[in-house]
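A short write-up of the structure that comes next.
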Amino acid sequence: MLEMVLSIIAIVISVIAIGFEFFGNQRINRINLEAKFYEEIYIDFLLEKIPSARSKLTYNNNILSGTEELIDILNEIRRKSLFFKYRDEKYYEKLCKHLQNFEDELVRKSDVSLDNEQFCTFTKYVNDSLEEIYNIIISKYTGKLISWKGKKK
């Protein structure tokens, strides 16, 4: 009788282990597939396009210029992120809201006279905004939870 109970327990444990392995493998495969989407969509932006456009912002004779390319890139990121509207709407909304706010600020400051202090403040805002874009995208890609200002939850 004891052998029968132990055999049944062993069978149940084996079935549970197979179930965990099956669902664990499906989860890993889904994560790997999503990672390919992230790389396909964002790698050029993160490594080349954003840094290049950022370097073209200039401050000359108290006028900020060179924002057009960065604005275009923010729009392109938003457009290419549309896939995530249907896959992870919360991520998509967070990213798009940040991109839109940043773009709006770039448009407001573009070709406007700024004193040195205003330009320094704006430069910090640009750097913080770009850092937040990187944090949102990379944290989602790696599966880490972040707060709005990039601090881990």
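Residues that satisfy the side chain to side chain donor-acceptor pair (under 3.5 Å) test with Ser110, not counting sequence neighbours, are Thr67.
Counted within 6.0 Å of CD on Glu3, heavy atoms from surrounding residues, nucleotides or ligands total 12 or fewer; the atom is thus considered open.
A donor atom on one side chain and an acceptor atom on the other are found under 3.5 Å apart for Asp104 and Gln100.
Within the model, atoms CG of Leu46 and CD1 of Ile133 stand 9.5 Å from one another, a figure rounded to the nearest 0.5 Å. Distance check, rounded to the nearest 0.5 Å: OG1 of Thr123 to CG of Asp128 gives 10.5 Å. Note that the CD atom of Glu131 and the CD1 atom of Ile138 stand 10.5 Å from one another [nearest 0.5 Å]. For the atom pair Glu132 CD and Ile137 CD1, the distance stands at 10.5 Å (nearest 0.5 Å).
Shortest non-hydrogen contact noted between Leu130 and Phe102 is CD2-CE2, 3.6 Å. Closest of all the heavy-atom pairs between Gln118 and Ser113 is OE1-O, 4.2 Å. When all heavy atoms of His98 and Ser129 are compared, the pair lying nearest together is NE2-O, 2.9 Å.
Under the 4.5 Å side-chain criterion, counting only non-hydrogen atoms from C-beta, Val15 is not in contact with Val12. Looking at Ile41 and Phe84, their side chains come closer than 4.5 Å, going by heavy atoms from C-beta outward. Two residues are said to be in side-chain contact when any heavy atoms from C-beta on lie closer than 4.5 Å; Arg54 and Asn127 meet this criterion. Considering only heavy atoms from C-beta on, Ile50 comes within 4.5 Å of Tyr134 through its side chain. Under the 4.5 Å side-chain criterion, counting only non-hydrogen atoms from C-beta, Ile63 is in contact with Asp111. Side-chain contact between Phe83 and Tyr92: absent, with no pair of heavy atoms (C-beta onward) separated by less than 4.5 Å. By the 4.5 Å heavy-atom criterion applied to side chains, Arg87 and Phe37 are not counted as neighbours. When side chains are defined from C-beta on, Lys140 does not count as touching Ile136, because their heavy atoms never get closer than 4.5 Å.
Screening Asp72, Ile73, Leu70, Leu74 for a side chain to side chain contact (heavy atoms under 4.5 Å, CB included) with Glu103, the sole residue that qualifies is Leu74. Considering Phe122, Tyr125, Phe119 in turn, Phe122 is the only one that fulfils the side chain to side chain contact (heavy atoms under 4.5 Å, CB included) rule with Lys109.
Under the 4.5 Å side-chain heavy-atom criterion for Ile, Leu, Val, Met, Phe, Trp and Tyr, Leu47 and Ile77 are members of distinct hydrophobic clusters.
Between the side chain of Ser55 and the main chain of Ser52, a donor-acceptor pair closer than 3.5 Å is present.
Here side chain to side chain donor-acceptor pair (under 3.5 Å) pairs that include residues 38-47, with residues two or more places apart or in two chains, are Glu39-Tyr141, Tyr42-Ser81, Tyr42-Tyr91.
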